[in-house]
2 protein chains.
Amino acid sequence: MSAAEETADGETSAWGEVTPDAARRLLIAAVEAFAERGYHATTTRDIAGRAGMSPAALYIHYKTKEELLHRISRIGNAKALEILRTASRGEGTPTERLADAVSSFVRWHAGGRTTARVVQYELDSLGPDARAEILALRRQVNAEMRGIIEDGVATGEFDVLDVHGTTLAVLSLCVDVARWFNVNGPRTPEEVGALYADLVLRMVGVK
Amino acid sequence: MSAAEETADGETSAWGEVTPDAARRLLIAAVEAFAERGYHATTTRDIAGRAGMSPAALYIHYKTKEELLHRISRIGNAKALEILRTASRGEGTPTERLADAVSSFVRWHAGGRTTARVVQYELDSLGPDARAEILALRRQVNAEMRGIIEDGVATGEFDVLDVHGTTLAVLSLCVDVARWFNVNGPRTPEEVGALYADLVLRMVGVK
DNA sequence: GCCGAAGGTGAGCGGGCGCTTAGCGTGCCC
DNA sequence: GGGCACGCTAAGCGCCCGCTCACCTTCGGC
């Protein structure tokens, strides 16, 4: 992977599907700006400037500033869902699959904090149609996590009183990593992933 | 308490310390607007309009729009700290105090979601000085929660590998309630508080 | 070597932003 | 009951926003 495919804080981006090159650079610039300042506090001049272009160039590749956020949200949420699915549908006991799911989901939110922040915290900045589309992806994420927990309850490995509530809490815990994780802090994404996998196994009552 | 002291979603606000009356009405209007749309997407005209005043009236009571956010943040974070301190410094075993702390902290974040959202998620919209002041309050919140966990480890009630990491996770779990809690959803703040207290006791390894 | 498509720029429009200012009404003090 | 401090409004200033438009390059096809 080339240096151009890394964002400023070092995370590797999976924006390879975005073409042409100029459109991808604009999108990566937008991710960084939205993550730093928030969608509404980011100007189109700032995004274009980070990508080394004039403000007008943005509108060759995107109809509006909101379309940029929409594209970022869809790709990012799809990636998060894919990560969770890979772990959830792998081999192993529910205990192993839950630990795998949590640790990889957390690693993505910590390591790709810039992207994850935008994906998880700028939902309300989208218009109704776009928000509805993203919410559909979120429901699939929820269903995937709930599926693992239900499997563990069925095999007797887990001891859970409220499956829906616990699912919500587990996902909330993982997602909120994007808010507080500090790349220059004392923990690596791998360490947080391992810690959280342990905590979640305790939450579902694994002996 | 009068109806005028309730925000739109029914939560009772502790803004009694804010005087005169017009300043309090503006502040409550700002809390609602910031929670709905976010700080940067909220206009001073919107805040003043919600309070039934002209845009200029805002500047009689507050120097800038940011001062409003700063005041809200300080009062709200102080309230959150007070709630946690009351539970943390009460009587009982560490197990009882932790359950009490989590359930009351969560009840505040769920029931007072409008305020809690602003308090917990608009930190980055503050300038450097104001942010530093709020961060000092947050460190006290962190220390209070960590204190309970350390007490439980000392008495042998808790089995925790990483005290700092677990403290972070517990607070993250509680705070994120403000993001997803829905007043019209299936759970009451009390139910979420009870569920979360149980989950957190599991996280710290209470038998 | 000419042409059209694709991708870019500089200048700027309409509008809404945060905030200011001049002046008005009201009630309290003496 | 005159003066004045206080709370508030109507109007609007200067700025920067998202976005557009007229025009300029570059380049592959024939």
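Throughout, protein chains are lettered first and strands after them, A, B, ... in sequence-line order, and every chain is numbered starting at 1.
Atom-to-atom, CG of A/L26 to P of C/dG7 comes out at 12 Å; the value is rounded to the nearest Å.
Scored by the side chain to side chain contact (heavy atoms under 4.5 Å, CB included) test, A/H40 finds A/S125, B/H40, B/A41 as partners (sequence neighbours excluded). For B/S172, the side chain to side chain donor-acceptor pair (under 3.5 Å) partners at least two apart in sequence or on another chain are A/D176. Qualifying ring pair (Phe, Tyr, Trp, His ring centres under 6.0 Å) partners for A/F158, counting only residues two or more places apart in sequence or in other chains: none. For the side chain to side chain donor-acceptor pair (under 3.5 Å) test, residues two or more places apart in sequence or in another chain that qualify with A/E67 are A/R71. Listed by chain and number, the residues in a side chain to side chain contact (heavy atoms under 4.5 Å, CB included) with B/Q120 are B/H109, B/R138, B/V175 (sequence neighbours excluded). Under the salt bridge (charged side-chain N to carboxylate O under 4.0 Å, His left out) criterion, B/E66 pairs with no residue at all, not counting sequence neighbours. Listed by chain and residue number, nothing satisfies the salt bridge (charged side-chain N to carboxylate O under 4.0 Å, His left out) test with A/E122 (two or more places apart in sequence, or in another chain). For A/D151, the side chain to side chain donor-acceptor pair (under 3.5 Å) criterion is met by A/R97, not counting sequence neighbours.
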Counting only pairs under 3.5 Å, give me each side-chain donor-acceptor contact of residues 194-202 of chain A, with atom names and distances, residues two or more places apart or in other chains.
{"unit_1": "A/D198", "atom_1": "OD2", "unit_2": "A/R202", "atom_2": "NE", "d": "3.3"}
{"unit_1": "A/R202", "atom_1": "NH1", "unit_2": "B/D159", "atom_2": "O", "d": "2.6"}
{"unit_1": "A/R202", "atom_1": "NH1", "unit_2": "B/M203", "atom_2": "O", "d": "2.9"}
{"unit_1": "A/R202", "atom_1": "NH2", "unit_2": "B/D159", "atom_2": "O", "d": "3.0"}

Report each atom pair, protein N/O against N/O of nucleotides 22-27 of chain C, whose distance is under 3.5 angstrom.
none

Pairs: protein N or O with nucleotides 23-28 of chain D N or O, under 3.5 Å:
none

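Put simply, the residue from B/R113, B/R50, B/R37, B/R25 that forms a salt bridge (charged side-chain N to carboxylate O under 4.0 Å, His left out) with B/E32 is B/R50.
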(request) Scan nucleotides 8-20 of chain D nucleotide by nucleotide, 5' to 3', and note B when protein non-hydrogen atoms come under 4.0 Å of the base, S if they reach only the sugar-phosphate, - if neither. (result) BBB-B----BBBB
